[in-house]
Structures are given as structure tokens and as C-alpha cells.
Amino acid sequence: MFSGSVGLIFLAPLLWTAVASVGPRAGTNQVDGWGFGNYETLANYQAGIWRYLANTAFVALLAVALTLLISLLGGYAFARFRFPGKNILFLVTLAILMVPYATLLIPLYVLLNQVGLQNSLVGVALVLTMFQLPFSTFLMRISFEAVPRELDEAAMVDGCSTFSALWRVLLPAVKPGLITVGLFAFLTAWNDFMAPLILINDTERMTLPLAVSNLRGQVQGVVDYGATEAGVVVLALPCIVLFLLLQRHYVRGFMSGAMKG
């Protein structure tokens, strides 16, 4: 009962936004009656919503792929191998979480400009991956540590190499952790506004959050609330659907470290 009430409180603003996006409002493309005029405005804005959705999906999927690959290998190394300075290196990795996100964007802008990745969706994905890695590596480390070492030792006795044991034995065991990492990386990359704002200056390469922000004041600085609400709904829907589909694995991924021992 309590959890349902809390969930309703969190869903209420989104439900209100969804209703308002199709309702009549002065100064929007949906002045009379209920309809999808605001979504039409959003769809036809500059390069078009499909271009911005494609840009956002590309950035999100590339960030997810890189985050999963690097955090999987990093978490495996920190959990299973012994090497000099391991704990110090792990603490340094986690220390990145204490650095304010916005303070690094200008130096990263200069760096990406030097390597030709400024105003590039690949550059945005790399920046978002970098900021996801500390938490993702931490989560993958505790996921691997929750798996008994006897599993990979038995696999190696049967002739598996280190990477073969990781792929065949450990990867299925840490699947909830991987799904949690991937979900967090997707939600962050899909909704991020700051990195595209700093790194992208071409309207055709904008992501959807940046396009929706620009759309708000497209007519003499007057905010188009209807189109903005439509943009919020379009941005939120993939996140809600993905979270509902993966919530069981998401909870298990967070519980994996707590269940250790």
C-alpha cells in the first residue's frame, strides 16, 4: 500500500505532463480541443524528431556498449586478480565520482577538439562512458566477488583459460549486475543534457534533450510549453519501458553485493 502510494506520487508529474501535452493551450500548436498538435511541432522542429531520436539512440547505445565492456573487464580484474597497487587504483577510480561533472566538460572539450571528436556524437558517447565507469566498475567488482571462486577455479581445471572462464562461467553469474550497469548507462546517456550542450554545435547532430531545450524558446523567447511537454513524454517513454522490462534483473543486480557471504 505504502509503496503504491509512493509510486503514484512519483508518476503524477509525468501523467500530468502526458495529459497536458495533448490538451488545448494558448500559444501552442494545440489551441482548440485535444489532439497531437504539440507532437507535430516537435516532429517538424529543425532537422526533425527522427534525426534527434537517432542521434540520441546512437549516443546511448555506444555509451552502453563501451561501459559494459570496460566495466566488465575492470570489475573482473579488481575482483579476481592480485597486482601491486590494486586497492589504490580502485580508490582513484572511485574518486572520479567526487569530481563535479560540469567542471571537466571544458577540459574535455579542448581535448576532444585536439583529436577531432569535438562536435561528434562519438565524442559525446566517450565522455558519458567516462563518467559512468567508476560506478559501473564498482558494481561489477561486487558482482564478481559475490560469485564463489570455486566456479572459475573448476572451469580452469577443466581446461578453460582466464577469458574462457569469464565468458562461459562467470558472465551468466553476473548477468543481473551487467543489466543494472547497462540500464544506468542508458538512462544517463539518453537523458544527458550538459555534454551535448558543450560538445555539439551542429543542429543536425543535437540529441533530443538538447533539441527539446532549444525548442522551448524558438519563437521570440516565448516558451512553447505544449511542445516541451510532448518532448518530455517522448524522452521518458523509452526509459519507462526499459526499466519495467528489466526491473527484476535491476533489483537482483543491486542485491548481489549485499548477498555476498
Side-chain angles (χ1 to χ4, degrees), residues 7-65 101-102 105 117-128 182-247:
L8 185 61
I9 291 173
F10 279 100
L11 283 176
L14 183 59
L15 293 174
W16 179 87
T17 301
V19 172
S21 69
V22 296
R25 184 193 294 269
T28 69
N29 198 24
Q30 189 63 43
V31 178
D32 300 318
W34 298 78
F36 296 95
N38 293 319
Y39 290 90
E40 183 180 348
T41 300
L42 179 66
N44 296 325
Y45 177 65
Q46 290 188 352
I49 189 174
W50 296 112
R51 163 73 72 170
Y52 299 134
L53 279 172
N55 292 345
T56 310
F58 175 81
V59 169
L61 293 177
L62 181 57
V64 168
Y101 176 43
L105 285 177
L117 288 177
Q118 186 270 329
N119 195 32
S120 165
L121 295 177
V122 174
V124 175
L126 290 175
V127 169
L128 295 174
L183 182 59
F184 260 82
F186 178 84
L187 296 179
T188 300
W190 181 267
N191 294 296
D192 189 79
F193 172 77
M194 285 294 294
L197 175 66
I198 299 298
L199 300 176
I200 299 295
N201 50 39
D202 186 346
T203 57
E204 292 198 355
R205 296 180 181 177
M206 290 192 304
T207 57
L208 189 56
L210 185 55
V212 170
S213 176
N214 290 344
L215 173 63
R216 292 179 71 247
Q218 64 170 329
V219 182
Q220 298 179 351
V222 178
V223 177
D224 188 341
Y225 287 105
T228 302
E229 288 158 348
V232 170
V233 172
V234 173
L235 275 168
L237 279 178
C239 300
I240 293 172
V241 171
L242 195 61
F243 180 81
L244 291 176
L245 290 175
L246 300 177
Q247 62 174 330

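We number each residue from 1, following the sequence as shown.
Within the structure, salt bridge (charged side-chain N to carboxylate O under 4.0 Å, His left out) pairs that include any residue of residues 229-245 comprise R25-E229 (at least two apart or interchain). Applying the salt bridge (charged side-chain N to carboxylate O under 4.0 Å, His left out) test to pairs two or more places apart or on separate chains, none has a residue in residues 10-23. Under the side chain to side chain donor-acceptor pair (under 3.5 Å) criterion, the residue pairs touching residues 183-203 are Y101-D192, N119-N201, Q132-T188, with sequence neighbours excluded.
Here the shortest heavy-atom pairing between E204 and R51 reads O-CD, 3.3 Å. Between Y45 and A211, the closest heavy-atom pair is CE2-O, 3.5 Å. The minimum heavy-atom distance linking V127 with A195 is given by the pair CG1-CB, 4.4 Å.
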Let me have the donor-acceptor pairs involving side chains of residues 231-242, under 3.5 Å, with sequence neighbours excluded, atom names and distances please.
none

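Applying the side-chain contact (heavy atoms from CB on, under 4.5 Å) criterion to L117, with sequence neighbours excluded, gives L112, V115, S120, V122, L126. Every side-chain contact (heavy atoms from CB on, under 4.5 Å) that A43 has, sequence neighbours left out, goes to I49. For E40, there are no side chain to side chain donor-acceptor pair (under 3.5 Å) partners at least two apart in sequence or on another chain. Listed by chain and residue number, L121, V124, A125, L128, T207 satisfy the side-chain contact (heavy atoms from CB on, under 4.5 Å) test with V59 (two or more places apart in sequence, or in another chain).
Formation of a donor-acceptor pair under 3.5 Å by the T17 side chain with backbone atoms of P13 is found in this model.
Atom CG of L42 is separated from atom OH of Y39 by 8.5 Å, given to the nearest 0.5 angstrom. The distance from the CG atom of N44 to the OG1 atom of T41 is 7.5 Å, given to the nearest 0.5 Å.
Counting heavy atoms from C-beta outward, V19 and W34 have side chains that approach closer than 4.5 Å. With contacts defined as side-chain heavy-atom distances shorter than 4.5 Å, the pair L210/Y52 does not qualify.
Looking at T56, N55, L215 one by one, the single match for side chain to side chain contact (heavy atoms under 4.5 Å, CB included) with L208 turns out to be T56.
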